[in-house]
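Heads up, the thing below is written out as structure tokens.
Quick note on labels: first sequence line is chain A, next is B, and so on, each numbered from 1. This is a predicted model, so every value here is computed, not measured.
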Number of protein chains: 2
Amino acid sequence: MSAASPLPAYQRVKRYVLDRIQRGAWQEGDAIPGEEALAREFGVSRMTVNRALRELSDEQIVERVQGSGTYVAQQKYQATLVEIRNIAEEIAARGHRHHSALHTLERCKADEVLARAFGVRTGRRLFHSVVVHFENDRPIQVEDRYVHPDVAPEYLAQDFTSQTPNAYLMRVAPLQGVSFVIEAVPPSSHVAKLLAMSSGEPCLVLRRQTRSMGRVASVAAMWHPASRYQFTGSF
Amino acid sequence: MSAASPLPAYQRVKRYVLDRIQRGAWQEGDAIPGEEALAREFGVSRMTVNRALRELSDEQIVERVQGSGTYVAQQKYQATLVEIRNIAEEIAARGHRHHSALHTLERCKADEVLARAFGVRTGRRLFHSVVVHFENDRPIQVEDRYVHPDVAPEYLAQDFTSQTPNAYLMRVAPLQGVSFVIEAVPPSSHVAKLLAMSSGEPCLVLRRQTRSMGRVASVAAMWHPASRYQFTGSF
DNA sequence: GAGTGGTCTAGACCACAAT
DNA sequence: TTGTGGTCTAGACCACTCC
């Protein structure tokens, strides 16, 4: 049984290298043959081998060092990627109704914690919003967000019942980076009330800091009642 | 102010296209200029433009259709990827000591919940392990795991103080897929005791189901004391 | 200086889509 | 048939590492 359509040459090279690594013939950290050698071996041009090795490098199968060589990458540790989506889309994907209520939209001054998070001096003016998101009329998330005015000067003029703060920020400020924490903590009495939680129930909290235009653009805490919310995913 | 090191040509093309899309000049679904046109415009060869567009395609910024053209991709919804690592490596990365204690290692029978999770009949024999992981001698995770015997027949003969169940399974059974849930729930009294938790404190729980060799290979719950554990990440 | 990867060219032939 | 992307070549020059 021969292949109906012969594999492109760069994919043949990829498969060859992958195979050697998976069989253990080439171990972690080993140097593998150079572009020229592989090109000769396969009877293809160096560009073709280059593409194969570049893609393997993108896939973290090998590591390439200019002036030195190509090496089998260290084995990736097992990692699970959890995808955290925009709350409105997440609810819509479940086939439920989403709406949100604006609770707070104001100027405020950075306290010590916020000043450190944003990398600004204490007392710096910031924007602050608190939006409650509902799934089928039950509160499911309190989004407590601080925004750097330089990144979104018109933040206070937005209608956050028709567009989530998230969606607005994504539109006006290209996202450069994100860091975050998921934790389980007791809610403040204020949050507990907004989420109509029973006493003693913890919150599942996602704290997220986004960077844009070289600054910390936004610091947000998303509070969810633990009895009604989970982060899920698969791959 | 000129660039100290001129950007490679393919990156200049990428930036140009990205810029147009981010400014909204080219909207979702729009066709963008072809390789030949961009090559003329930038005074570079078609291969150089090809690399730029191929990378943008890999990054899901554009979509390329052979015989038709290159189009601006549909906007990705905002998603945050949380990386959940092997507990032993995670602790080591923090510069702390990891060790684990084997609490249970036995045969058991699938109850209704497990049978459904594994897709087997109730009463099917399964393997069961409970391992407690310590960070600097404080318990940080209870790993409660069920394993399909067909996938890892030698499971009960392993020494899980020298190798985590996770690492063992990764080695003997190629991973095909994972699905999981992160939630905050009160611990059972048993788990609370193993983790030396104060009463009333919730657990941050990762439940994970892995598939291998066409079956559900393993169903695990990782219990962490909420006061001492968070999931974190960045990109 | 020799060897390696990083990039680039100016062509080429092919598969496929739109017409 | 024309235009598009997919792949490939046989060179080339450069930056970098290692000896």
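For the ring pair (Phe, Tyr, Trp, His ring centres under 6.0 Å) test with His133(B), the passing option among His224(B), His99(B), His98(B) is His98(B); the others fail.
Toward the 5′ end of DNA chain D lies the nearest nucleotide of Gln11(A), the other residue of the pair Gly67(A) and Gln11(A) mapping further downstream. Between Ile32(B) and Val44(A), the residue anchored closer to the 5' end of DNA chain D is Ile32(B), taking for each the nucleotide with the nearest heavy atom.
At whole-Å resolution of the value, CD in Glu35(B) and C1' in dG6(D) are 8 Å apart. Rounded to whole angstrom, the span from the CD atom of Glu36(B) across to the C1' atom of dT7(D) amounts to 15 Å. In this structure, Leu53(A) atom CG and dT7(C) atom P are separated by 13 Å, rounded to whole Å. One can place CE of Met47(B) at 12 Å from C1' of dA12(C), the figure rounded to the nearest angstrom. Atom P of nucleotide dG5(C) and atom CD of Glu63(A) are separated by 13 Å, given to the nearest angstrom. dT9(C) atom P lies 12 Å from atom CG of Asn50(B), rounded to whole Å. Spacing between atom CD of Glu55(A) and atom C1' of dC8(D) amounts to 14 Å, rounded to whole angstrom units. Straight-line distance from the CG atom of Leu38(B) to the P atom of dT9(C): 13 Å, rounded to whole Å.
Residue contacts for Arg54(A): at a heavy-atom cut-off of 4.0 Å it reaches no nucleic acid atom on any strand shown.
For Arg15(B), the CZ atom is loosely surrounded, since the number of other residues' heavy atoms within 6.0 Å does not exceed 12.
Of all nucleotides listed (dC8(C), dA15(C), dC16(D)), dA15(C) comes nearest to the side chain of Gln66(B). Side chain of Ser45(A), nearest nucleotide from dA10(D), dC18(D), dT7(D): dA10(D). Ranking dG5(C), dT7(C), dC8(C) by closeness to the Arg64(A) side chain, first place goes to dG5(C).
A sub-4.0 Å separation between OP1 or OP2 of dG5(D) and a side-chain N or O of Thr70(B) is present. For Ser68(B) and dC16(C), the shortest distance from a side-chain N or O to OP1 or OP2 is not below 4.0 Å. Distances shorter than 4.0 Å separate some side-chain N or O of Tyr10(A) from OP1 or OP2 on dT7(D).
Here Arg228(A) pairs with nothing under the salt bridge (charged side-chain N to carboxylate O under 4.0 Å, His left out) rule; sequence neighbours left out.
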Decide yes or no on side chain to side chain donor-acceptor pair (under 3.5 Å) for Thr70(B) and Arg64(B), but give the supporting numbers first. CA-CA 4 Å; Thr70(B) 300; Arg64(B) 315 198 73 196; 3.2 Å; yes

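Interface remark: the Arg46(A) side chain does form a donor-acceptor pair with the dG6(C) base, using a distance-only criterion of under 3.5 Å.
With ring centers used as reference points, Tyr155(A) lies under 6.0 Å from Phe160(A).
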